[in-house]
Student: 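To start, I am sharing the structure in question, which I have written as structure tokens.
Sequence lines set the chain letters: A, B, ... in the order given, protein chains first and strands last, and positions in each chain run from 1.
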Amino acid sequence: MTATLAVDDLLAIAGDLWTSYLGSEPTPSVPGVGKPAQVTASVSIAGEWDGVVVVSLSAKTAQDVGSALLQLDAADLEPGDVDDAVGELVNIVGGNVKSVLPGPSSLSLPVVAHGTAHVASRGAEIVAQAALEWLGEHVEITVWSSTSTEGASS
Amino acid sequence: MTTLATTAFDWVRELVYREAAIVLEPGKEYLVEARLTPLARAAGKPSVSVYVDGLRVSRDPREQAKIVDALTTNETSWFRDGAPFRAVAEHIVPEILRSGRPDRVLRIWSAASSSGQEAYTVAMSIQDKVRAAGWRFEILGTDISEEMLTKARAGRYSQLEVNRGLPAPLLVKHFTRKGTEWEVSPELKANIKFQRLNLAAPFPVMPQFDIVLLRNVLIYFDTATKRSILRRVAGTLRPNGCLLLGGAETTLGVDDSWERVLVAGAPVHRPATSIGSKGA
Amino acid sequence: MRALVIDDSRAMRTILGRILVGQGFTVSEAGNGQEALDSLDALHAEGDTPVLCLVDWNMPVMDGLTFIKEVGKRDEYRNITLMMVTTESEHGNIVRALAAGAHEYVIKPFTADAIADKLALLGLVSAEVSA
Ligand SMILES: C[S@@+](CC[C@H](N)C(=O)[O-])C[C@H]1O[C@@H](n2cnc3c(N)ncnc32)[C@H](O)[C@@H]1O
């Protein structure tokens, strides 16, 4: 089935997520303009639709997400807290993305990687990508499809 | 950073009072600034004061309507405060259905319907009962804000909005997913009409209602406006019809021609004459 | 009133825990369905059975749907209110969770008001009158 996921869908999901947990709304930005991401969180979707949802952010933003979710100063975060918070972030984005795509499919547990990770695998193509600006930092949400057998018709 | 000029603020205050009877107390400059900033920006003006100054000269009615729209507070949710909707579904409506009235049509007015949650809540909670009794129902939702009316008619709500007080069994029964949003079923929409109505102006010709919900809107008006609205609402009610107000609203000391009774914990108002006529 | 928050994310448990404490609950936490079942048994043995469980869906070891079905098999937990709080948001999944025994369902992301509204709906806290 052809995926129908628009950049606006990603922005709507991110907008709800940010207003709910992160205190201030992000503004839309342009993909690819930021520095290379330092933290990459992903969940995969498998079933009627197969692919990966990736949130990439700077180390500072990852820490801001941890502080905001746990309502702790950065200095008081325990090891693992930042990964946990960023993992929950991508889990929420992933679940919402999955519900817009053809189903039924299931969602994996989140994986958080540090350094400039390469998430995409062979045969994967970008279905939708949104960029946000939050607290002066760049955040990207990318949805990769691994079912590239069908054309991009609609 | 309140840079809003006093002249601009006063002009906006007068405008929203004249057009919608909404009272903006001095000190609400921050509110006007925040709500009008997007309009000023869209009009390419550097500040709200400059934007308002331009309108004081041009008097563009479309922009003025947008200002009024922007200064309405549209906060709402499903089953807001719970009890009033239980009173309607479990007591008021069943009593009317038992009355054996020949017309078999229930008419309900959501008189400040905002984005529609109140009207759809009533529809969801009475639909099965009304049908089972062989009746039908018509709900009229009205508001002054065109933006809210458009949204109410579309019946599409974000995930965050459906999370606010809508019981999950009703979500799956009456809504389908449309992208990131949820849309009310055509079946439910079929019994509801949304149209623009300014509560502060004379009402158009309307049917007589069994139930009027006038919730969380009187709080924005002064006493004279409240009284005038309550009097005119009384005129739209059937004999023995019910008025439901918001949790912080009352007819007491505003318009004494109402009797207040508690129905399942919710205050319900009836025109005093209709109770009087029954000899109470 | 005891509540059990079941989610594999500490951040999410913290967010939910804070909301529940604000609503007058005493909160315990579990990181997956199995831990939650163990925790229920321990609390039950102490005579402190929760009145409410907030249950995530996707978790390691035992997921939330399985947990809800397990709780449904146990007579002593009949009175616990089960509320799914998850990012799973397809129509069909909500239907599945309700059929499995969930009483309510909140989709992530949620606001504190959304949880409070649902608790009022379930009669677990009294409805706050909003102006
Ligand atoms: C806070 S909302 C209440 C919505 C709903 N009744 C409830 O209780 O949740 C108030 C609504 O009243 C509308 N309103 C304000 N002034 C009005 C007027 N003069 N005539 C009609 N509607 C008005 C606003 O546009 C807004 O949608």
Student: Just checking, is any N or O donor in the side chain of B:Ser110 or B:Glu118 under 3.5 Å from an acceptor N or O on the other one?
Tutor: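 Looking only at side-chain atoms, B:Glu118 and B:Ser110 do form a donor-acceptor pair, the distance falling under 3.5 Å.
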Student: Hey, which residues of residues 175-183 of chain B are touching chain A, say heavy atoms under 4.5 Å apart?
Tutor: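 Expected list: B:Arg177, B:Gly179, B:Thr180.
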Student: Does A:Asp83 reach the side chain of A:His114, with side-chain heavy atoms less than 4.5 Å apart?
Tutor: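 The answer is yes, as the side chains (C-beta and beyond) meet within the 4.5 Å cut-off.
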Student: Counting only heavy atoms not in B:Lys193, do more than 12 sit closer than 6.0 Å to its NZ atom?
Tutor: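 No.
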Student: Can a side-chain donor-acceptor contact be found between B:Ser145 and B:Asp143 if the only test is distance below 3.5 angstrom?
Tutor: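 Per modelled atom types, B:Asp143 and B:Ser145 side chains form no pair under 3.5 Å.
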Student: State, without any angle test, whether A:Asn96 and B:Gln159 hold a side-chain donor-acceptor pair at a distance under 3.5 Å.
Tutor: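 Their side chains do contain a donor-acceptor pair, which is all the 3.5 Å distance test asks for.
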Student: Ignoring hydrogens and geometry beyond distance, is a side-chain donor-acceptor pair present between A:Gln38 and A:Ser58 at under 3.5 Å?
Tutor: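 No - no donor-acceptor pair under 3.5 Å links their side chains.
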Student: What about the rings of B:Tyr120 and B:Phe194, do their centers lie closer together than 6.0 Å?
Tutor: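 Ring centres of B:Phe194 and B:Tyr120 closer than 6.0 Å.
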Student: Any side-chain donor paired with an acceptor under 3.5 Å for A:Trp18 and A:Ser24?
Tutor: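 Judged by distance alone, the side chains do not pair up.
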Student: Enter the distance from B:Lys45:NZ to B:Leu39:CG here, rounded to the nearest 0.5 Å.
Tutor: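 Rounded to the nearest 0.5 Å, the NZ-CG separation comes out at 12.0 Å.
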Student: With chain A as the partner chain, list the residues of residues 62-70 of chain B whose heavy atoms fall under 4.5 Å from it, by residue number, and write 'none' if nothing qualifies.
Tutor: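 Heavy-atom contacts from residues 62-70 of chain B to chain A are absent.
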